[in-house]
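One structure is given below, encoded as structure tokens.
Sequence lines set the chain letters: A, B, ... in the order given, protein chains first and strands last, and positions in each chain run from 1.
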Number of protein chains: 2
Amino acid sequence: MNKEVKIFLADDHPIFREGLKKIIMKEKDFRVSGAAATGTEALEFIIHNKPDVAILDVSMPGLNGIEVARKIREKEIDTHPVILTMYSDEEYLETALENGVTGYLLKESTHTEIIDCIRTVLNGGYYVSKELQSFLINGSKHKNNKTGAGKAIETLTHTEKQILKLLSQNRTSAQIAKEMFISFRTVQNHRMNISHKLGIAGHNSLLMFALENQEIL
Amino acid sequence: MNKEVKIFLADDHPIFREGLKKIIMKEKDFRVSGAAATGTEALEFIIHNKPDVAILDVSMPGLNGIEVARKIREKEIDTHPVILTMYSDEEYLETALENGVTGYLLKESTHTEIIDCIRTVLNGGYYVSKELQSFLINGSKHKNNKTGAGKAIETLTHTEKQILKLLSQNRTSAQIAKEMFISFRTVQNHRMNISHKLGIAGHNSLLMFALENQEIL
DNA sequence: ATTTATATGAGTACTTATACTCAGGCAGGA
DNA sequence: TCCTGCCTGAGTATAAGTACTCATATAAAT
């Protein structure tokens, strides 16, 4: 592993680029081989220079970081894309993972986390920032939907859709049970089944889904 | 003018602090005399060390950058506060200027802009990032949609609004506590206080409110 | 006829949110 | 100085959701 690791940076904030560069250059075997402020520039550089790792901001002019990652995979370039973002947004993470991203960092990350992440993806592993790991638990296992929530909804049965609809009106399981003349345990079971079908998990995540999709239920 | 200029940095993102530090240290007469990740730490350092310039992030745990600036003026400390923020938000700029801020930079700023800004405020001048200067000229106010909820929201304190905002991103109390460096019991207390102020009660009702009003938080 | 999907119900454990209570610290105003 | 508002933290109790397990019944599909 004594070869020098080429790392590329893309972020539209000059200060951030400087900070990242400084952190990376503290590692003796790492080298910053280039930097860009837009997704388009980034992709061009990556295609021509094939760095080992590309650290990509999500919000950039032109292509965003996730789109750059997708292009990297489409063109079968041997560069590990690492996403670096301000927000701990579940949806971004999922989309990123679906597009071949193997490292996902928040800008709150410490030096150690950044270096850990780079080394992990270099070794072929996945690295997701601690704050986001709760989202990950079910996300990568099954389900490749989420690009079209509508598709996933179609796999739900009539009863399940009915429960989702009532959920979106902020009813509790007990209230739904009463309205549907079934046990509240049955409602809970349906909720779990729905969550599994949709590939979601965690507190309130089903409620959030119901709210976001209430017009197509 | 041959005295060394002491500059202090406050930002909760380690990468950003590194980047800023690097940019500032390229100037021979500038020195980074300290850095902090929270507003409270920042204020303490500024009081004790009285740097010439304090570069303050807006969104930080504890006090935010603008609050730190206000404290600096209240305590009549001879430090020039410079606000550094992600968002080109008119309201923030106004509040900042009202609180004695003489420099207002966006995180998109280039090296040159940052250095220019520091030199300008050192000379007693005002520096506002180009992207924001339009707001200064036509001091227009196109806000205030008092939808009833809007009025209630205005009675909330800054901390309460921050918690509501995080809630709207589907964070749990424990996650919010971690992000704000406070106990999750305190978060729960804030949630109860918010509910009382807004006149709402019951499971998920606060989450629902946060979701419905997330764009005006 | 066996499998499969669906609907129903329950046991158990754990996490999270709501709803009270109380209290200390700190800053600003009357 | 006292009072008030805000932030902080905790004790206790209850309600609700999540996450697994298991079981039964029925209808449709193979």
Side-chain angles (χ1 to χ4, degrees), chain A residues 133-135 137-139 141-142 154-164 166-168 170-211, chain B residues 38-40 43-44 47 60-64 67-68 70-75 154-164 166-211:
Chain A
Q133 286 177 2
S134 54
F135 293 150
I137 296 169
N138 279 45
K141 258 191 253 178
H142 15 228
E154 283 166 26
T155 71
L156 300 178
T157 66
H158 174 261
T159 315
E160 286 166 345
K161 277 192 234 176
Q162 194 183 349
I163 287 177
L164 255 191
L166 290 168
L167 260 179
S168 75
N170 199 22
R171 307 279 215 293
T172 66
S173 291
Q175 290 168 332
I176 294 172
K178 212 172 170 184
E179 281 189 54
M180 293 177 66
F181 300 106
I182 55 178
S183 161
F184 97 100
R185 301 306 308 274
T186 306
V187 177
Q188 290 186 321
N189 287 332
H190 282 305
R191 291 175 74 137
M192 287 305 300
N193 291 335
I194 297 168
S195 289
H196 286 149
K197 280 191 185 178
L198 299 177
I200 56 182
H203 246 79
N204 291 325
S205 53
L206 194 57
L207 174 61
M208 299 288 284
F209 181 91
L211 289 171
Chain B
T38 72
T40 327
L43 186 60
E44 205 170 322
I47 291 171
M60 280 188 295
L63 296 170
N64 69 39
E67 288 167 333
V68 174
R70 201 184 64 231
K71 298 279 184 187
I72 290 175
R73 198 175 51 171
E74 280 170 9
K75 294 186 186 294
E154 283 166 26
T155 71
L156 299 179
T157 66
H158 172 260
T159 314
E160 288 167 345
K161 278 191 233 176
Q162 196 183 347
I163 286 176
L164 257 191
L166 290 168
L167 261 180
S168 76
Q169 289 155 21
N170 199 21
R171 307 282 213 291
T172 66
S173 292
Q175 290 169 333
I176 294 172
K178 210 172 171 188
E179 281 189 53
M180 293 177 65
F181 299 108
I182 57 178
S183 161
F184 97 100
R185 300 305 308 271
T186 305
V187 177
Q188 288 186 323
N189 286 334
H190 282 304
R191 291 174 75 136
M192 286 307 299
N193 291 335
I194 297 168
S195 289
H196 287 149
K197 281 192 185 176
L198 299 177
I200 56 179
H203 246 77
N204 292 325
S205 52
L206 194 56
L207 174 61
M208 299 289 283
F209 181 91
L211 289 172

CA sep, side-chain torsions, deciding dist, call: A:M192, A:L206, side chain to side chain contact (heavy atoms under 4.5 Å, CB included): CA-CA 9 Å; A:M192 287 305 300; A:L206 194 57; over 6 Å; no

Criterion side chain to side chain contact (heavy atoms under 4.5 Å, CB included) on B:N204 and A:T172, from CA distance to verdict: CA-CA 9 Å; B:N204 292 325; A:T172 66; over 6 Å; no

Working for side chain to side chain contact (heavy atoms under 4.5 Å, CB included), residues B:H158 and B:E67: CA-CA 10 Å; B:H158 172 260; B:E67 288 167 333; 4.1 Å; yes

Worked verdict on B:F209 versus B:L167 for side chain to side chain contact (heavy atoms under 4.5 Å, CB included): CA-CA 9 Å; B:F209 181 91; B:L167 261 180; over 6 Å; no

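A:A210 approaches A:S168 most closely through the heavy-atom pair O-CB, 3.4 Å.
Rounded to an integer number of Å, the gap from B:H196 NE2 to C:dA19 P is 7 Å.
Mapping B:I182 and B:N204 onto DNA chain D by nearest heavy atom places B:I182 closer to the 5' end of the strand. Along DNA chain C, the nucleotide nearest A:M180 and the nucleotide nearest B:H203 are compared for position; the residue whose nucleotide lies closer to the 5' end is A:M180.
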Restricting both atoms to N or O, compile the protein contacts to nucleotides 28-30 of chain D shorter than 3.5 Å, with distance only.
none

Mind listing the N/O atom pairs, protein and nucleotides 10-12 of chain D, below 3.5 Å?
residue : atom : partner : partner atom : Å
D:dA10  : OP2  : B:S183  : OG           : 3.1
D:dA10  : N6   : B:N189  : OD1          : 2.9
D:dA10  : N6   : B:N189  : ND2          : 3.4
D:dG11  : N7   : B:R185  : NH1          : 3.1
D:dG11  : N7   : B:R185  : NH2          : 2.7
D:dG11  : O6   : B:R185  : NH2          : 2.7
D:dT12  : O4   : B:R185  : NH2          : 3.1

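Within the 4.5 Å cutoff, the side chain of A:T186 has heavy atoms near those of the A:S183 side chain. For the pair B:M180/B:L166, a side-chain contact is recorded, criterion being any heavy-atom separation below 4.5 Å from C-beta on.
In terms of phosphate contacts, A:S173 brings no side-chain nitrogen or oxygen within less than 4.0 Å of OP1 or OP2 of D:dA16. Listed pair A:T157 / C:dA7 meets the phosphate criterion, a side-chain N or O lying under 4.0 Å from OP1 or OP2. In terms of phosphate contacts, B:T172 brings no side-chain nitrogen or oxygen within less than 4.0 Å of OP1 or OP2 of C:dT15.
Using a 4.0 Å cut-off between charged nitrogen and carboxylate oxygen, B:E160 and B:K197 count as a salt-bridge pair.
Using a 3.5 Å distance cut-off with no hydrogens or angles, the side chains of A:Q188 and A:R185 do pair a donor with an acceptor.
The end-to-end axis angle of the helix from C:dA1-D:dT30 to C:dA30-D:dT1, rounded to 10 degrees and based on five pairs per end, is 30°.
Between B:M208 atom CE and A:L207 atom CG the span is 6.0 Å, to the nearest 0.5 Å.
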